[in-house]
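What follows is a short report on a single structure.
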Amino acid sequence: MTRYWLMKSEPSECAIDDAMAAPQRTVAWTGVRNYQARNFMRDAMQVGDGVLFYHSSCCEPGIAGIARIASATRSDPTQFEPQSPYFDAASKPEAPRWLLLEVQAERKTRLLPLAELRADAALAGLVLLRRGNRLSITPVDSAHWARICLLLQVPTAH
DNA sequence: GCCAACGTTGGC
DNA sequence: GCCAACGTTGGC
């Protein structure tokens with residue numbers, strides 16, 4: 001079972017600083033609208049799993065912090081909010097299509113840029129780096145997790 | 001703004 | 001179930 005994940009967040013919506021400033025440093029991970037990512041949350045992600053907090057769609061894409069999964073999944077309320085960009089008219093409250101879980105920030109790190117990840121031979125095979133990858137949640141194996149912790153100079157045991 | 005790559009939709 | 005058209009992601 002995978003124990004480590006990389007989760008993308010647009011810093012304009014929720015940056016690592018926002019997560020660190022939230023109550024209990026915990027944020028609800030709203031807005032996942034991809035079935036594969038949803039299924040990771042529903043079927044594989046467990047409380048306590050390590051998370052690489054990744055900034056995407058911004059001027060400096062890269063890993064910005066370490067977090068952990070802090071809850072099981074529940075219905076994502078934004079799917080039922082017509083004014084939300086994440087509104088899904090086809091989803092019914094009695095059968096919610098989209099889920100969220102809570103993510104607790106552990107620490108902010110230096111920004112580890114995408115280019116540095118790509119340049120590191122030890123990170124070959126990281127799902128994030130696969131050609132054409134767009135998934136907002138990807139698994140990270142323990143060797144890659146350890147390597148990234150080393151690059152960030154943080155303890156592997158988070 | 002470009003565009004490659006991928007996901008979703010909908011007609012058949 | 002196929003697949004063309006369209007929409008989205010996300011780095012550059």
Side-chain angles (χ1 to χ4, degrees), chain A residues 2 4-22 27-45 49-69 73-141 143-145 147-154:
Chain A
T2 303
Y4 305 106
W5 307 91
L6 182 143
M7 300 178 79
K8 295 181 187 175
S9 183
E10 298 188 14
S12 60
E13 285 200 22
C14 182
I16 185 68
D17 286 335
D18 300 317
M20 290 295 288
V27 292
W29 209 264
T30 59
V32 173
R33 295 293 181 270
N34 169 282
Y35 288 104
Q36 203 176 340
R38 181 204 66 182
N39 293 349
F40 279 142
M41 292 198 293
R42 186 189 61 193
D43 303 333
M45 298 170 87
D49 285 359
V51 172
L52 301 171
F53 196 111
Y54 182 89
H55 285 175
S56 74
S57 291
C58 57
C59 59
E60 271 194 299
I63 294 167
I66 303 287
R68 66 185 196 90
I69 301 302
T73 52
R74 56 185 161 80
S75 172
D76 179 348
T78 62
Q79 70 196 298
F80 304 121
E81 297 168 1
Q83 74 282 9
S84 168
Y86 302 119
F87 179 63
D88 181 352
S91 185
K92 300 295 168 222
E94 62 273 18
R97 177 176 295 180
W98 304 113
L99 304 172
L100 59 72
L101 42 66
E102 307 275 345
V103 173
Q104 181 174 42
E106 201 115 295
R107 67 172 80 206
K108 180 181 181 177
T109 64
R110 79 172 171 99
L111 196 283
L112 176 48
L114 179 59
E116 188 175 343
L117 297 173
R118 285 197 195 285
D120 191 330
L123 294 177
L126 190 67
V127 177
L128 172 77
L129 303 180
R130 279 189 201 155
R131 190 177 149 83
N133 168 70
R134 297 189 319 189
L135 264 184
S136 63
I137 299 174
T138 51
V140 175
D141 70 35
H144 290 152
W145 173 269
R147 176 63 180 164
I148 288 166
C149 288
L150 185 67
L151 293 173
L152 293 172
Q153 298 185 292
V154 302

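Chain letters run A, B, ... following the sequence lines, proteins first and then strands; every chain starts at 1. This is a predicted model, so every value here is computed, not measured.
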When rounded to the nearest 0.5 Å, the distance separating OG of A:S136 from CG of A:L6 is 9.5 Å

Rounded to whole Å, the CZ-P distance (A:R130 to B:dG7) equals 12 Å

CG (A:L152) and CZ (A:R147) are apart, to the nearest 0.5 Å, by 10.5 Å

| field | Crowding at CD, A:E116 (>12 non-hydrogen neighbours, <6.0 Å) | value | yes

Listing, residues 97-104 of chain A side-chain donor-acceptor contacts under 3.5 Å, not counting sequence neighbours, or none:
residue, atom, partner, partner atom, Å
A:R97, NH1, A:D88, OD2, 3.2
A:W98, NE1, A:D88, OD2, 2.8
A:E102, OE2, A:R74, NH2, 2.2
A:Q104, OE1, A:R68, NE, 3.1
A:Q104, OE1, A:R68, NH2, 3.2
A:Q104, NE2, A:Q24, O, 3.0

When rounded to whole Å, the OH to P distance for the pair A:Y35 and B:dG7 reads 13 Å

**Item:** Ring centroid separation A:Y86 to A:W29 under 6.0 Å
**Value:** no

Taken to the nearest whole Å, CD/A:Q36 to P/B:dG7 is 7 Å

For nucleotides 9-12 of chain C, tabulate all protein N/O to nucleotide N/O atom pairs closer than 3.5 Å, reporting atom names and distance.
residue, atom, partner, partner atom, Å
C:dG10, OP1, A:K8, NZ, 2.8
C:dG10, OP1, A:R134, O, 2.7
C:dG11, OP1, A:Y54, OH, 3.1
C:dG11, OP2, A:S57, N, 3.0

